[in-house]
Each structure stands twice: as structure tokens, then as C-alpha cells.
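Have a look at the structure below, then the notes.
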Amino acid sequence: MTDFSGPARTRIAPSPTGDPHVGTAYMSLFDRVIADKTGGQFILRIEDTDRTRYVADSEKQIFESLRWLGLNFDEGPDVGGSKGPYRQSERLPMYHKAAEQLVKEGKAYKCFCTEDRLETLRKVQQAEKAKHQGYDGLCRSLTPAQVAENEKAGKKCVVRFKMPREGEIHVEDRFRGTLKFLAAEQQDTVLLKSDGFPTYHLAMVVDDTHMGITHVIRAEEWLPSFPLHHELYKAVGAKPPMFAHMPLLRNKDKSKISKRKNPTSLLWYRDAGFLPEAMINFLAMMGFSMPGEKEIFTYQEFLAEFSLDRVNLGGPVFNVEKLHWLNGEYIRRLKPEELEKRLVNHAKLLMGREREFLDIPEENLPKETFLKEFEKKRLRWSRTLASLAPTLMTAYEVNPKLLLPIIPLIQERMHTLCEAADYIPMFFTNEFKYAKDDFIPKKSTIEAAKKSLTEMRAMLADFDFNDPDAKQALDMRGRDKAEELGVKVGDFFSPVRIAVTGSKVSPPLIESMLVLGQDEVLKRIDNAIKFLG
RNA sequence: GGCCCCAUCAUCUAGCGGUUAGGAUAACGCCCUUUCAAGGCGUGUACGCGGGUUCGAAUCCCGCUGGGGUCACCA
């Protein structure tokens, strides 16, 4: 338990450059659990130092999606905290001060190289296939007089860090132990950009130090810049936190997860009807495993068993298909009242957004089959649910008796909230677009279908829908009737299913009929009989 | 290409010197069944390769191979 000797302070530092990323949630989960495990704090810091990629809405969406997942932060831009501000754009003086100090101490230097020079340098290095690519350190040897001259001329400059040039740099990763890098292979990285904003490297060290971060959980992609960070901590005279580099979430082809090949937006998962607790469970399964091979577990259980020793370093493929299954498990475990609530809220979320779900360009569909199919269906489901939302809300709020009885019939058929769209509409409309052929079971005839309908109609007209044993009674009578007519039970019920539900695939027929009520069912059967002529 | 990381079924993984290498998803088959599901049962598929260490390696070491990441005034 040397990992957690006292209250830990962890942080997630996303940059507001687009949709909230699933990787952000992944790291946040581990940050949150470490904070909880130690009675510490989890902090959200917005890394908005890149003005060119800044997206206005992004920050709000990050707050929203983390909270949707239950990954609440103890300190952050919209909740405050004693170590703020929590937006890097609001902490500029701190970075300037740190940069100036480093320059003054000779640990960093001003670099006046133009973008053009750097670009040609890069091209030459690539063409030459140079062993060590990167900044050549030209300005490192500038005399104070030369610097003054450049500044007087009003030349733009950046501040670069003076990396050691000889020896090895040893860094400590929680999972991998000591990692060794050759100093000669490092380069003098930019700390402060010419627009006055810091780069990630400077900002991270300054902020993590100031905010008292004790454990940095970040993706493996940061490993190459780890030596720089290590040296930076040394340069500012701060003790580095514990670093734990987690594996990268992967696409199906094992490359780093990307939105071209896999949905990466948390909003996508939310809109598609994945439950936050299923998402958390799934994310926790990426790289971490519970003792006893438990696969379905709550955050509390995760917290109770969590240990960095149970983290697996192989990059896990983010398999939406398995998430889909997991989500189904969670849906089935919900109390009907709870599922009802979630469903209505989900419809509310989608309400008025029909246009978004009309269609999407084919080329934007993920290549992999399951995702492609799911996305097509998801758009259809979302559209249906979006337009059904007012009805559902009314049913839920004004007449709770209307929606709740339907829930048990659809609950075990759904994997995502959106999938309710396959089963719910028939309870609210009887305008079906069926064809005559739909009524005819295989190897059967239209006459037989009509016979089923008229027989069933007669039976139902004379049946007490309020009978407590209605389900069993109807089932038995149906079977008897099928036998009497000399047809298969399935063939007998099939035309009725089309008539009542409008589809060959539906929730259980008898229970659906009982929910619909006698009048409505008879009406639907009459409609079908009339339709068949 | 340089540097770095990683390596058990298709996928998520259990395993931390001795197991018939286990579970889950997906696939397939059977059962249940008025459709679709859900559920039950079952089948197939894995320790990348080569050296060591050891009485004994999926487990430890080395090399190779493979995969990934990174080489920006992005994070």
C-alpha cells in the first residue's frame, strides 16, 4: 500500500478542443478512485492554452459528461477550490514567472528561431533521416548581447528548456519501474510560446506543483516526454508526483482510439442510450480486473477492490460490442420504475433533435460491422424516440398507468435506451404499414390467416381483460383453438401479432394485448380483417 | 527511421514456477419458447518465436518477431 500513503490529490486536465473524449473519462475514473481510496481530492483543470484549437462549448460538455458519469470533481472551474484558477488561460502570470525564473537561472533560454527555419530544419532532418530529429539548439548559445539585440529588434521569441546533453535521465513509472533515456537524444522543448501561452509541459509542472497533485495518472503516449517533465520538476525545485502511465484505449485494429474508427465522444455514448454506470463498469474493465473475475460491478465495489497492482499494461481494444452487452445487463437489473424514468429522460434528451438523426454520410460510419449496423439503427431509434418524447412524457407524468406496464415487456429486449424505439411505438399508435403477405405464416394461406383473426377476435370479444389470470387463460385458449383448427400454435398467433402490433417482431403478444385493452385490440383486429378484405 | 512502451483465445481478461491454461463478449449448435429477446446447456479458438535459468516454465532472464506510442510555438 505504498501507493497510497495519505490523501491523494489527482487531476484530469483535458483541453477544450472538441467533444469530451472517452479517454478523458477513462483517466478520470482512475483519478477519482485513487482520490476516493485515500480520502483525497480529484481536480478538474482545463488546459486551454492552445488558442487555435479552442472550442467554446467544449468546456461545458466536459463538465456535463463527467458529471453524467458520476465522476464529480472536488475542485474545478465551475466549483472553485483553494488552488485556482482552474483554467490555464487564467493562470498565465504563474507560467511567466516560472519561465522568467528558469531563464534567469540559466535553465531555459529565449529562442528567436522563426517557424520557417524550424520547418526547413525538420525537412532536412527527415530527408537525411537524421538519427536525432528535433530542435538543434541554435539559440541555446546566444550571448546576452545577442538576446538583447533580438529583443530590441522586436523579434518574437519562445522560451525553451535546456535539457542536459550528456548522461542518462532516469524516470520512475509506477508500473514500469525505472525508465532510462539518453540525454543526448532529448531536445530543448518549448515551454512558453511566442503568444505568451505556456505549452503543456510548463503548465503541467507549474500547475501540478501549485495544486499539490500527488498522483498523475495519464496515458502512455506521454512516456516520451517523461524525461523532460522529470528535468523540469528538478529545475523548478519541486518533488515530482507519482506517475502512472496507463495503456492507451485502442481501436479494433489496435491503433490509438480515434473518432474515425470508433465513437470517442462521451456524448455519443450518452445519446445512444448507454447508462453511465455501465460506461464506468466498462471503462474500469479496460486494463483493470476485479479479483474473482467479477465482470459486473459498481463503482463502490471497484473502489473497494482497487489497486494499481491489478492494472494490465496491454492496450485494450474498446469493444463497443461488449459494452452493448454490459449495458443490456444493467438495463435488465433496473427496477421498472427506474427504467421508466431513464427512458423518459432519455427521450427528453433527444426531443427536438430529430434532424440530427435523419442520416449521416456513409463515409463517416465506422468501418467495423457491428458499429456500422448499430449506428444506422441508433439513428433510426433516436429519431423515433425524439418524436415520441412528448407522448412518453405525458404518459409518464399525467397517466403513469400507461407507460409503466409496458416496461417489463421491453426491458429484457433492450441493450440501450434507444432500443426501446423498436417496441414502444405500437402502444401509442395503431396506424400500421403492414402488407398482406406479412399476415401469412410460412407454408400457410391468407384464408388461414383470416381464420385466425376472426377466431381470435371472437375469443377476445368474449373475454374479461381484467381477469387476474388473463395471461394464462388466453394462452390456454389460444392453444386449444389452434389445436381445434389444426394449425401450429405459432401460425395461429402470428397473424394476430401483425394485426395488434403491426410487426412480426414484438413484445409478448398476450401481455401486449392486455396492456392495450380490449377495445383497442378488437379495433386493431377489425382493421386487419378489413385490410385483408 | 531514432527512441520508448507492450505481448494469454477474434476481443476484454484470470494466472504472479507445478492448472486438463479458467471466465466474459462475439460466433456456432441444442434446449426453453406464440415472434424477438432473455435464460440454460454445449462446441471451437490462446500462452508469437528462439535461447537460457530451473527437477519443472504462460509465469524469471536475454534475443528476435509483432503491435503500439512518440519525435510541433497540440495536448
Side-chain angles (χ1 to χ4, degrees), chain A residues 13-15 17 47-50 52-53 111 113 115 118-119 122 125-126 128-135 156-160 173 175-176 179-182 185-187 189-195 197-201 203-204 218-227 245 247-248 250 252-256 282 285-296 309-310 312-319 321-326 328-329 332 370 410-415 419 422-423 441 475 478-479 482 488-494 496-498 501 503-510:
Chain A
S15 55
T17 52
E47 303 227 346
D48 54 349
T49 55
D50 185 350
T52 60
R53 295 202 307 159
C111 168
C113 291
E115 304 249 16
L118 295 175
E119 177 123 352
R122 203 171 312 144
Q125 286 175 340
Q126 274 167 10
E128 287 176 349
K129 292 182 178 172
K131 277 257 182 191
H132 307 318
Q133 304 197 0
Y135 183 60
K156 290 210 159 206
C157 76
V158 300
V159 174
R160 285 184 187 272
D173 174 74
F175 299 126
R176 288 159 263 253
L179 268 21
K180 298 171 186 173
F181 294 84
L182 246 32
E185 278 162 359
Q186 302 298 315
Q187 54 173 313
T189 310
V190 173
L191 298 180
L192 203 62
K193 301 184 250 184
S194 60
D195 64 1
F197 279 72
T199 58
Y200 167 82
H201 312 290
M204 177 209 81
R218 42 143 64 154
E220 199 178 20
E221 59 185 327
W222 292 106
L223 240 23
S225 51
F226 198 5
H245 293 88
L248 245 15
R250 311 294 185 95
K252 200 126 201 165
D253 64 3
K254 293 278 190 181
S255 58
K256 173 165 90 166
F282 188 68
M285 275 198 290
M286 301 280 96
F288 174 84
S289 63
M290 288 288 269
E293 310 192 33
K294 195 176 172 71
E295 285 211 286
I296 300 177
D309 290 330
R310 296 196 65 87
N312 194 130
L313 262 24
V317 171
F318 194 91
N319 186 189
E321 222 166 332
K322 185 156 185 176
L323 171 62
H324 187 250
W325 160 78
L326 223 209
E329 291 291 322
R332 260 167 265 132
F370 172 81
I410 66 173
Q411 188 161 17
E412 67 184 18
R413 268 151 259 262
M414 299 163 54
H415 297 87
E419 284 167 49
D422 269 348
Y423 308 107
D475 183 59
R479 287 164 184 285
K488 282 190 274 186
V489 182
D491 287 358
F492 177 64
F493 279 103
S494 175
V496 182
R497 180 184 307 282
I498 303 289
T501 73
S503 169
K504 285 179 183 174
V505 176
S506 79
L509 180 58
I510 292 174

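To find a chain, count down the sequence lines: A is the first, B the second, and so on, and within it residues start at 1. Being a predicted model, the structure only gives us computed values, none of them experimental.
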If the [atom1] atom of [N] is compared with that of [M], how far apart are they to the nearest Å?
| N | M | atom1 | answer |
| --- | --- | --- | --- |
| rG15(B) | rA21(B) | C1' | 8 Å |
| rA37(B) | rG29(B) | P | 13 Å |
| rC55(B) | rC71(B) | C1' | 49 Å |
| rG2(B) | rA58(B) | P | 33 Å |
| rA72(B) | rG51(B) | P | 41 Å |
| rU8(B) | rC47(B) | C1' | 4 Å |
| rU20(B) | rA57(B) | P | 15 Å |
| rA26(B) | rU59(B) | C1' | 28 Å |

Assign [X] to base, sugar-phosphate, or nothing according to its heavy-atom contacts below 4.0 angstrom with the strands shown.
| X | value |
| --- | --- |
| Ile510(A) | base |
| Thr17(A) | nothing |
| Val489(A) | sugar-phosphate |
| Asp422(A) | nothing |
| Gln187(A) | sugar-phosphate |
| Pro198(A) | sugar-phosphate |
| Cys157(A) | nothing |

Output the single nucleotide from [options] whose closest atom is nearest the side chain of [X].
| X | options | result |
| --- | --- | --- |
| Leu118(A) | rC73(B), rG68(B), rC6(B) | rC73(B) |
| Arg122(A) | rA75(B), rA72(B), rC6(B) | rA72(B) |
| Ser255(A) | rA75(B), rG2(B), rG68(B) | rG68(B) |
| Leu223(A) | rC5(B), rC73(B), rG2(B) | rC5(B) |
| Glu321(A) | rA72(B), rA26(B), rG69(B) | rA26(B) |
| Glu185(A) | rG2(B), rC74(B), rC6(B) | rG2(B) |

Is the phosphate of [N], meaning OP1 or OP2, less than 4.0 Å from a side-chain N or O of [X]?
| X | N | result |
| --- | --- | --- |
| Lys131(A) | rC71(B) | no |
| Lys256(A) | rA75(B) | no |
| Lys294(A) | rA14(B) | no |
| Ser225(A) | rC71(B) | no |

- prompt: Looking at CZ of Phe288(A) and CG of Asp309(A), how far apart are the two atoms once the value is rounded to the nearest 0.5 Å?
  reply: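 So the gap between those two atoms works out to 10.0 Å.
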Which heavy atom in [X] sits nearest to a heavy atom in [Y], and how many Å separate them?
| X | Y | answer |
| --- | --- | --- |
| Gln187(A) | Tyr135(A) | OE1-N, 2.9 Å |
| Phe197(A) | Asp48(A) | CE2-O, 4.0 Å |
| Ser194(A) | Val158(A) | N-CG1, 3.7 Å |
| Pro247(A) | Gly314(A) | CB-O, 3.9 Å |
| Phe492(A) | Ala482(A) | CB-CB, 3.8 Å |
| Val190(A) | Thr199(A) | O-OG1, 2.8 Å |

Once side-chain contact (heavy atoms from CB on, under 4.5 Å) is applied, do any residues pair with [X], and if so which ones, sequence neighbours excluded?
| X | value |
| --- | --- |
| Ser289(A) | Arg310(A) |
| Thr501(A) | Met426(A), Arg497(A), Ser503(A), Ser506(A), Leu509(A) |
| Tyr423(A) | Ile410(A), Arg413(A), Pro507(A) |

Would you mind reading off the distance between [X] atom [atom1] and [N] atom [atom2], rounded to a whole angstrom?
| X | N | atom1 | atom2 | value |
| --- | --- | --- | --- | --- |
| Asp50(A) | rA72(B) | CG | C1' | 10 Å |
| Arg218(A) | rC5(B) | CZ | C1' | 14 Å |
| Gln133(A) | rG1(B) | CD | C1' | 8 Å |
| Leu182(A) | rC71(B) | CG | C1' | 15 Å |
| His132(A) | rC4(B) | NE2 | C1' | 14 Å |
| Arg53(A) | rC73(B) | CZ | P | 14 Å |
| Gln186(A) | rG2(B) | CD | P | 17 Å |
| Glu220(A) | rA75(B) | CD | P | 21 Å |

Lys156(A) vs Glu115(A), side-chain contact (heavy atoms from CB on, under 4.5 Å): CA-CA, chis, key distance, verdict: CA-CA 10 Å; Lys156(A) 290 210 159 206; Glu115(A) 304 249 16; over 6 Å; no
Most 5' of Phe181(A) and Leu323(A) on RNA chain B, judged by nearest nucleotide: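 Going by which nucleotide is closer to the 5' end, it is Phe181(A).
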field: 5′-ward residue of the pair Arg160(A)/Met290(A) relative to RNA chain B
entry: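 Its nearest nucleotide lies further toward 5', so the answer is Met290(A).
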Main-chain N/O of Phe282(A) paired with Lys322(A) side-chain donor or acceptor, under 3.5 Å: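 Between the backbone of Phe282(A) and the side chain of Lys322(A) there is no qualifying donor-acceptor contact (under 3.5 Å).
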- prompt: Does Ala130(A) offer a backbone N or O that forms a donor-acceptor pair with the side chain of Gln125(A) under 3.5 Å?
  reply: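 No; judged by distance alone, with no hydrogens or angles, the pair does not exist.
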- prompt: Less than 4.0 Å between a side-chain N and a carboxylate O, is that true for Glu220(A) and Arg176(A)?
  reply: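 Looking at Glu220(A) together with Arg176(A), the answer is yes, because their closest N to O distance falls below 4.0 Å.
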message: Which nucleotide, if any, forms a Watson-Crick or G-U wobble pair with rA26(B), using both distances under 3.5 Å?
response: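 Pairing partner: none.
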query: Counting only Watson-Crick or G-U wobble pairs whose two distances fall under 3.5 Å, which nucleotide matches rC55(B)?
result: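 Base partner found: rG18(B).
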I'd like a table of atom pairs between the protein and nucleotides 57-62 of chain B - only N or O on both sides, under 3.5 Å - with the distance next to each one.
none

query: Where along nucleotides 8-13 of chain B does protein come under 4.0 Å, by heavy atom, of base (B) or sugar-phosphate alone (S), with - for untouched nucleotides?
result: ---SBS
task: Do nucleotides 35-45 of chain B as a string where each nucleotide becomes B, S or -: B if the base has a protein heavy atom under 4.0 Å, S if just the sugar-phosphate does, - if no protein is that close.
output: BBBSS------
- prompt: For the residue pair Trp222(A) and His201(A), does the interplanar ring angle fall in the parallel (under 30°), tilted (30 to 60°) or perpendicular (over 60°) class?
  reply: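 The arrangement is perpendicular - the two ring planes meet at more than 60°.
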message: Tell me whether the count of non-hydrogen atoms from other residues, nucleotides or ligands lying under 6.0 Å of NZ in Lys488(A) goes above 12.
response: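 Not more than 12 within 6.0 Å, no.
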field: Check: rC73(B) base within 3.5 Å donor-acceptor of Ser194(A) side chain
entry: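 Such a pair is found, so the answer is yes.
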